Amino acid sequence: MSDKEVILTQEGLKKLEDELENLKSVKRREVAERIKVAIGYGDISENSEYEDAKNEQAFIEGRVLTLEKMLRNARIINSDEIGTDTVGIGATVTVEDMEFGDVVEYTIVGTAESNPLQNKISNESPVGKAILGKGKGTVVDVSVPAGVIQYKIVDIKK
């Protein structure tokens, strides 16, 4: 991961900080204890418990480094920066599928906190890119693997 700016909402910042704190204070201790117990079983060259614990330790340390870098490069979107005239990061946008009439509400967030299952989509996703900077009533074309979908921006909220 490069030193690319990480765009976060206040909620996203809190989640990353909480995850980092949990990894440093809880998970590191748990894995160290697992390694200690596994070493107690004797020969570590054929010890699967030891190998699993070391792999988890490597994953945790990698994630800690990633989170620390993300937080160092974070730019926080404050609620007063979120407008309702045009779509921006942090805005909640209601769009209507022009072909099927389905109406969906998305919150536009930075890549680090996107979660499609919670309708939080990245500003770098196809839909995010297509609607960023656009206003209510605008119809946009979104290129997807199945073709092109047309969405109409119905509403923009903070």
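In this text the structure is predicted, and so the values were computed from the model without any measurement. Along the sequence shown, residues are numbered consecutively beginning with 1. As a basis for the values below, the full set of heavy atoms in this structure was taken, side chains included, without hydrogen atoms, waters or symmetry mates.
- Val127 and Val87 fall within a single hydrophobic cluster, where Ile, Leu, Val, Met, Phe, Trp and Tyr are joined by side-chain heavy atoms under 4.5 Å apart, directly or via other members.
- Atoms OH and OG, from Tyr106 and Ser114 in turn, are 12.5 Å apart once rounded to the nearest 0.5 Å.
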TODO: For the pair Val148 and Ser143, evaluate side-chain contact (heavy atoms from CB on, under 4.5 Å) and give the outcome as yes or no after the intermediate values.
DONE: CA-CA 5 Å; Val148 175; Ser143 296; 4.3 Å; yes
- [ ] Take Val140 and Val142 through the test side-chain contact (heavy atoms from CB on, under 4.5 Å) and record every step on the way to the result.
- [x] CA-CA 6 Å; Val140 296; Val142 181; 4.3 Å; yes
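- Residues Ala38 and Asn47 share a closest heavy-atom pair of O-ND2, 2.7 Å.
- Note on Leu16 and Ile77: separate hydrophobic clusters, where clusters join Ile, Leu, Val, Met, Phe, Trp and Tyr whose side-chain heavy atoms are under 4.5 Å apart, directly or indirectly.
- Here the closest heavy-atom approach between residue Gly128 and residue Ile121 is recorded as N-CD1, 4.0 Å.
- A salt bridge is defined here as a Lys NZ or Arg NE, NH1 or NH2 lying under 4.0 Å from an Asp or Glu carboxylate O, and Lys24 with Glu68 meets this definition.
- Counting heavy atoms from C-beta on, the side chains of Tyr151 and Met98 never come closer than 4.5 Å.
- Closest heavy-atom contact between Ile35 and Ala53: CG1-CB, 3.6 Å.
- Residues Ser45 and Asp43 share a closest heavy-atom pair of OG-OD1, 2.7 Å.
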Task: Test side-chain contact (heavy atoms from CB on, under 4.5 Å) applied to Val104 and Asp97, step by step - done: CA-CA 8 Å; Val104 184; Asp97 183 318; over 6 Å; no
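- The side-chain heavy atoms of Glu56 and Ile60, taken from C-beta on, include a pair separated by under 4.5 Å.
- Contact between Thr107 and Gly90 at its shortest, heavy atoms only, is CG2-O, 4.2 Å.
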Open item on the list: Arg63 vs Glu19, test: side-chain contact (heavy atoms from CB on, under 4.5 Å). Steps then yes/no.
Closed with: CA-CA 10 Å; Arg63 184 66 181 156; Glu19 181 183 355; 2.7 Å; yes
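- Within a 6.0 Å sphere centred on NZ of Lys36, other residues, nucleotides and ligands contribute 12 heavy atoms or fewer.
- For residues 114-136, the pairs satisfying salt bridge (charged side-chain N to carboxylate O under 4.0 Å, His left out) are Lys4-Glu124, Glu11-Lys120, Lys136-Asp155, with sequence neighbours left out.
- When the side chains of ILVMFWY residues are joined at heavy-atom separations under 4.5 Å, either directly or via intervening members, Leu71 and Val109 end up in two distinct hydrophobic clusters.
- Hydrophobic clustering (side-chain heavy atoms under 4.5 Å, transitive across Ile, Leu, Val, Met, Phe, Trp, Tyr) keeps Ile108 apart from Ile76.
- Two residues are said to be in side-chain contact when any heavy atoms from C-beta on lie closer than 4.5 Å; Gln10 and Asn78 meet this criterion.
- Under a 4.0 Å N-O distance rule, the pair Glu5/Arg75 qualifies as a salt bridge.
- A salt bridge between Lys54 and Glu51 is absent, with no side-chain N of the basic residue lying under 4.0 Å from a carboxylate O of the acidic one.
- A salt bridge links Glu61 with Arg28: the closest approach of a Lys/Arg side-chain nitrogen to an acidic carboxylate oxygen falls below 4.0 angstrom.
- Of the inter-residue distances, the one linking Met70 atom CE with Leu65 atom CG reads 13.0 Å to the nearest 0.5 angstrom.
- Side-chain contact between Ile131 and Ile153 is present, with at least one heavy-atom pair separated by less than 4.5 Å.
- Annotation for Leu8 and Ala74: closest pair CD1-CB, 3.8 Å, computed over non-hydrogen atoms.
- Rounding to the nearest 0.5 angstrom, the gap separating the CG atom in Asn73 from the CD1 atom in Ile7 is 11.5 Å.
- In this structure, Gln57 CD and Lys27 NZ are separated by 14.0 Å, a value rounded to the nearest 0.5 Å.
- Within the 4.5 Å cutoff, the side chain of Ile89 has no heavy atoms near those of the Ile82 side chain.
- Hydrophobic clustering (ILVMFWY, side-chain heavy atoms < 4.5 Å, transitive): Val144 and Leu132 are in one cluster.
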- [ ] Could you give me the CA-CA distance, side-chain angles and deciding distance for Thr92 and Glu105, then say whether side-chain hydrogen bond (donor to acceptor under 3.5 Å, both in side chains) is met?
- [x] CA-CA 7 Å; Thr92 299; Glu105 188 174 88; 5.5 Å; no
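- Atom CD of residue Glu49 and atom CZ of residue Arg34 lie 9.0 Å apart, to the nearest 0.5 angstrom.
- With rounding to the nearest 0.5 angstrom, the CG atom of Asn22 is 8.5 Å from the CG atom of Asp18.
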